There are 2 protein chains.
Amino acid sequence: MSRCLNYPDQIAEHTRLKVQDAVEALGYSPNFGARAMAVRRTNTIGAIIPTMENAIFARGLQAFQEELRRHGFTMLVASTSYRPDIEEEQIRTLVARGADALLLIGHERAPEIYDFLDMQGVPSLVTWAFDEDAKRPSVGFDYAAAMHEMATKVIDLGHHKLGLISAEVAWNDRAGARLLGLQRAMTSLNTGDLQVIETKYGIEERAVAFDLMMRSGPRPTAVFCGNDVLAMGALRRAANWESISQTTFRQLGLMTLNLHILLSQP
Amino acid sequence: MSRCLNYPDQIAEHTRLKVQDAVEALGYSPNFGARAMAVRRTNTIGAIIPTMENAIFARGLQAFQEELRRHGFTMLVASTSYRPDIEEEQIRTLVARGADALLLIGHERAPEIYDFLDMQGVPSLVTWAFDEDAKRPSVGFDYAAAMHEMATKVIDLGHHKLGLISAEVAWNDRAGARLLGLQRAMTSLNTGDLQVIETKYGIEERAVAFDLMMRSGPRPTAVFCGNDVLAMGALRRAANWESISQTTFRQLGLMTLNLHILLSQP
DNA sequence: TTGAAAGCGCTAACAG
DNA sequence: CTGTTAGCGCTTTCAA
């Protein structure tokens, strides 16, 4: 029977048909776990992302999945809500489930986790982050450079009081790199006034972040947001602040892919 | 060893420690497949959605997953790109992987699939759709009623030339119900002019749909969109049509949760 | 409290 | 080409 399903060409016509009939009649479905155990391989790649609520991850996974499918692989997803402890748990879970390899977001995690993966012989690919020097392969962007370039441009426009609404930086090298790029630009251009607000991803937290920034300390004339999700949260809240020009705002409403928000004249 | 990990209290202290040490030293990780095979149960629920690109599904799954986790269950996700054949494949895959139950989107699928699930003894829950009469449990909304109510309101505002940008209706009971609700409202209010455009979910297709609607036939004064993703696509394109008032448009830009787009005065 | 062994569903190797 | 069997890693009896 096993041969019949896996190497149908090595089987005599009539035997194959007999088996096929039985399969249909019995509603047979192969048991993946048993197969995996026998061949010691699952053709499965595990992917662990912070959250599916950020479309950037959801879309990335969708594409990854389709590509894997094309090559006969299956993707297993898990999400961590940006919590390192949950991530570790998910990694262990996926390895236990026999993932042949793992897709991970960002480089930053406890070394024991990498040791664990090494012992288990499970290869991993880091994405949404790139580091030449890392021991593992990675593919991603240079967030620090991107942020540096953007900040330079904004500062050149005359903005000196800047704000950054960022995801929590701890264990998030993307957020860290963006902050770094911004700080570097400010240093090299001798601009000193930066207000950083770290926020969680909840609806409420995101909304509050913008108000907080506008209310506390010297009000920035330009606010950067670490990503689209944060930007949308800030945008919605910005609508309540009359100092923000309608035109600018309307344009921004369309630029959902934009990473920064300009507020008023410097 | 098995006992040690599963019923540690039935084990003598020193034996347990010995095992624990070995676990650490060897970097042991339990094999999920083997366990599942032995206990004939995976504590895993499979979830199959059309696409993760629609945030409504992604967010729903995120919540579902967190709740499952809380109860010691794991979620396995798969997506179908709205293709019935892929959905069937994914269902079989998840069943093969030993999913204890399945979460499915919408009721509409080939009866053989339900037969298959019955034979395998895999229970399923249908969501994003509700049907009292269905043999399976389901939880969802009454799209037809919602669309009916909305359409009635819009028609009352004086709009008679209506448009609907919809996902492909085949095998998608949500899209079907929305169309039905719209048609019913029009019938009962004696309004006859409806132009329907079905579109795929690709970026390009979505953008084209709106232009197509504006160019062909009697131009509608109100366009409904089946969901947020379609609405955003239409909105972006609508920006190019000058007949659309800026004010309306700006408001709409903010109402990303809105299901319909009003265009011009009726 | 521990050791031993059967068996979960499958594949691969070997013999016929 | 087909039948048979060992063994994948685990749990669960059953004995000791």
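These numbers come from a predicted model, not from an experiment. Throughout, a chain's letter reflects where its sequence line sits, starting with A, and its residues are numbered from 1.
With sequence neighbours left out, Lys200(B) forms a side chain to side chain contact (heavy atoms under 4.5 Å, CB included) with Glu168(B), Glu205(B). Taking the side chain to side chain contact (heavy atoms under 4.5 Å, CB included) definition, one finds that Met119(A) meets it with nothing, sequence neighbours left out. The side chain to side chain contact (heavy atoms under 4.5 Å, CB included) test applied to Ser81(A) returns Gln62(B), Glu66(B), not counting sequence neighbours. Scanning for side-chain hydrogen bond (donor to acceptor under 3.5 Å, both in side chains) contacts around Asp9(B) gives an empty result, with sequence neighbours left out. Asp142(B) pairs by the side chain to side chain contact (heavy atoms under 4.5 Å, CB included) definition with Ala144(B), Ala145(B), not counting sequence neighbours.
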What N/O pairs connect the protein and nucleotides 13-16 of chain C at under 3.5 Å? Give each pair on its own line.
| residue | atom | partner | partner atom | Å |
| --- | --- | --- | --- | --- |
| dA13(C) | N6 | Arg3(A) | NH1 | 3.2 |

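Think of the region where chain A sits on DNA chain D: with heavy atoms and a 4.0 Å cut, that region ends 5' and 3' at dC1(D) to dG9(D).
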Would you mind writing out the side-chain donor-acceptor pairs for residues 14-29 of chain A within the sub-3.5 Å range, not counting sequence neighbours?
| residue | atom | partner | partner atom | Å |
| --- | --- | --- | --- | --- |
| Thr15(A) | OG1 | Ala12(A) | O | 3.4 |

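Counting only residues at least two apart or in different chains, salt bridge (charged side-chain N to carboxylate O under 4.0 Å, His left out) contacts with residues 108-124 of chain A comprise Glu87(A)-Arg109(A), Asp118(A)-Arg136(A). Pairs engaging residues 47-102 of chain B under the ring pair (Phe, Tyr, Trp, His ring centres under 6.0 Å) rule: Phe57(B)-Trp128(B), Tyr82(B)-Tyr201(B) [sequence neighbours left out].
For the residue pair Arg97(A) / Thr44(B), a side-chain donor-acceptor distance below 3.5 Å is found, with atom types taken as modelled. In this structure, a donor-acceptor pair under 3.5 Å is absent between the side chains of Asp131(A) and Ser138(A). Using modelled atom types, one finds a donor on one side chain and an acceptor on the other under 3.5 Å when comparing Asn6(A) with Arg35(A).
Rounded to a whole Å, the CG atom of Asn6(B) is 16 Å from the C1' atom of dT1(C). For Met1(B) and dA4(C), the CE to P distance is 15 Å, given to the nearest whole Å. Rounding to whole angstrom units, CG of residue Leu5(A) and C1' of dC10(C) are separated by 11 Å.
Between its two ends, the helix from dT1(C)-dA16(D) to dG16(C)-dC1(D) turns its axis by 40°, counting five pairs per end and rounding to 10 degrees.
Figure legend: cation-pi geometry between Arg178(A) and Phe224(A) absent, as NZ or CZ is not positioned both under 6.0 Å from the six-membered ring centre and within 45° of its axis.
Scanning residues 31-44 of chain B for heavy-atom distances under 4.0 Å to DNA chain C yields Met37(B), Ala38(B), Arg40(B).
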For this session: Quick one: do Glu89(A) and Arg83(A) satisfy salt bridge (charged side-chain N to carboxylate O under 4.0 Å, His left out)? Show the steps, please.
Result: CA-CA 10 Å; Glu89(A) 182 189 318; Arg83(A) 284 179 43 189; over 6 Å; no

